[in-house]
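Just below is one structure, and these are the notes that go with it.
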2 protein chains.
Amino acid sequence: MARPSAALRGRILDSSRRLFSERGYEATSLQEIASDVGCSKAALLYHFKNKDALLAELLTPVGQRLAELLEKVAPLDGEELVRTTVNDLVNSALEYRLEIRLLFEDLPRLPARPELNLLPDSTERLLDCLTGRSRDPRARVAASMVLAGVALTVSARDEAPVGGDGSDADLRHGLVEAALRALGQDL
Amino acid sequence: MARPSAALRGRILDSSRRLFSERGYEATSLQEIASDVGCSKAALLYHFKNKDALLAELLTPVGQRLAELLEKVAPLDGEELVRTTVNDLVNSALEYRLEIRLLFEDLPRLPARPELNLLPDSTERLLDCLTGRSRDPRARVAASMVLAGVALTVSARDEAPVGGDGSDADLRHGLVEAALRALGQDL
DNA sequence: GTCAGTGCTGACCGATCGGTCAGGTTACGG
DNA sequence: CCGTAACCTGACCGATCGGTCAGCACTGAC
């Protein structure tokens, strides 16, 4: 076949997202992705300049989502700021379960990634919102715990994720409630 | 020199702990460790059967610590159970900052590790303790968030860790308080 | 003194890594 | 019906991976 599937590109992205998330970026070889997709490694590198480009394309939407979130909550403050941030954070995390793992576990370890260096700054701003822009060190620690906890919990690898029956509703509400409690917002 | 330093073994462990934690297990090569220590790769493999053995030896103490923690809180229940578990969890996490990263981020991704398969079970029991042995799905979600949040926060890579000035006291107390709030324990 | 054994090195191994390249096959515009 | 460009393959590259091995330097026991 000749022009059979530019859809292959999409399938490569899907496989990469899954495999990177399961095994980690470094631990996943291009050959493994190619085998999973059912194409040659060369085909893979025809669609993506290199392994890095693959990762970047997977993470871009998450970065955008984060930017939107920050923009949306920028004018808010006080209790409304915290509640909105927590809600959106949990929703975003659930939406990008697989990418979150990459973002939290692999990215920080890869040698300084020039185009994504806005990320530490975004994380900082996110922490600010979670504290309701408080500078209290302990509030920041709590925010850090919440952020990391939400991220890692939604991306927990084993099926029957963490809630008993595994319903997303329990996961979502459980996280929001626990996060708000941790941040000192009375429910 | 002939019998100059069985201390080399310890230095290898130190470097491995640091490098594994910074870059990840898969992403760290034996050569990098050897260079960091200042010995040959062969010397490294003289002291440790293989790369896996190195990782196992780093994680064993953490596993023991976790087992102790679980044994200690086993007879407790109710509020005392939760408070003691949270306190000990935070202390243990602070004590094994670097190893925690490996445990939470690398281990789950490595192909099934026979000798450490007790770990998922231990995690499960730890979650039980954090919920005060409740079976409520949302309580388990909260416990999962706390566990992941504590682990990832103490092992945050960038210096000036997460608290403003970075004092361990703020980190410790901030985490304990936030965790207890998240778990619904009134302070 | 010598000899067994510990601690270590450099050279080397096959496998696999990310990535390149020449070329083949098909689809489509002219 | 032909040419160009898109899509893809297999063969190949140098580098590096985890790991092995023969042998050297030195120590302590006898």
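Computed over heavy atoms, backbone and side chain alike; hydrogens, waters and symmetry mates excluded. Order of the sequence lines fixes the chain letters, A, B, ..., with proteins taken first and strands second; residue numbering starts at 1 for each chain.
Taking atom CD1 of residue B:Ile12 and atom P of nucleotide C:dG7, one finds them 11 Å apart after rounding to whole Å. We find that CG of A:Leu8 is positioned 15 Å from C1' of C:dT26, with the value rounded to whole Å. A straight line from CG of B:Leu44 to P of D:dG19 spans 10 Å, rounded to a whole angstrom. Atom OH of A:Tyr25 is separated from atom P of C:dC17 by 14 Å (rounded to the nearest Å). Atom C1' of nucleotide D:dG18 and atom CD1 of B:Ile33 are separated by 11 Å, given to the nearest angstrom. Look at NZ on B:Lys41: it is 14 Å from P on D:dC21, rounded to the nearest Å. For the pair B:Asp52 CG and D:dC17 C1', the interatomic distance rounds to 14 Å; values are reported in whole Å. Look at CZ on A:Phe48: it is 18 Å from C1' on C:dT20, rounded to the nearest Å.
With C:dG19, C:dT20, D:dG18 as the choices, the nucleotide that has an atom nearest any side-chain atom of B:Leu30 turns out to be D:dG18. The side chain of B:Leu45 lies closest to D:dT20 when the candidates are D:dT20, D:dG18, D:dG10. Nearest to the side-chain atoms of B:Lys51 among the listed nucleotides C:dT6, D:dG19, C:dG10 stands D:dG19. Among the nucleotides D:dG10, C:dG18, C:dC8, the one closest to any side-chain atom of B:Ala43 is C:dC8.
Checked by atom type and distance alone, the side chain of B:Thr131 pairs as donor or acceptor with a backbone atom of B:Asp128 at under 3.5 Å. Panel note: side chain A:Ser144, backbone A:Arg140; no donor-acceptor pair is recorded below 3.5 Å.
How far OG1 of B:Thr28 is from NZ of B:Lys51: 6.5 Å, rounded to the nearest 0.5 Å.
Distances shorter than 4.0 Å separate none of the side-chain N or O atoms of A:His47 from OP1 or OP2 on D:dA6. Here A:Ser29 reaches the OP1 or OP2 of C:dC17: one of its side-chain N or O atoms lies under 4.0 Å away.
For B:Ser35 and B:Gln31, the side-chain atoms include at least one donor-acceptor pair closer than 3.5 Å.
A heavy-atom distance below 4.5 Å is not found between the side chains of A:Glu26 and A:Arg109.
When each of A:Tyr46 and A:Ser40 is assigned the nucleotide of DNA chain D with its nearest heavy atom, A:Tyr46 is the one assigned upstream, toward the 5' end. Comparing A:Gln31 and A:Lys49 by the nucleotide of DNA chain C whose heavy atom lies nearest to each, the residue mapping closer to the 5' end is A:Gln31.
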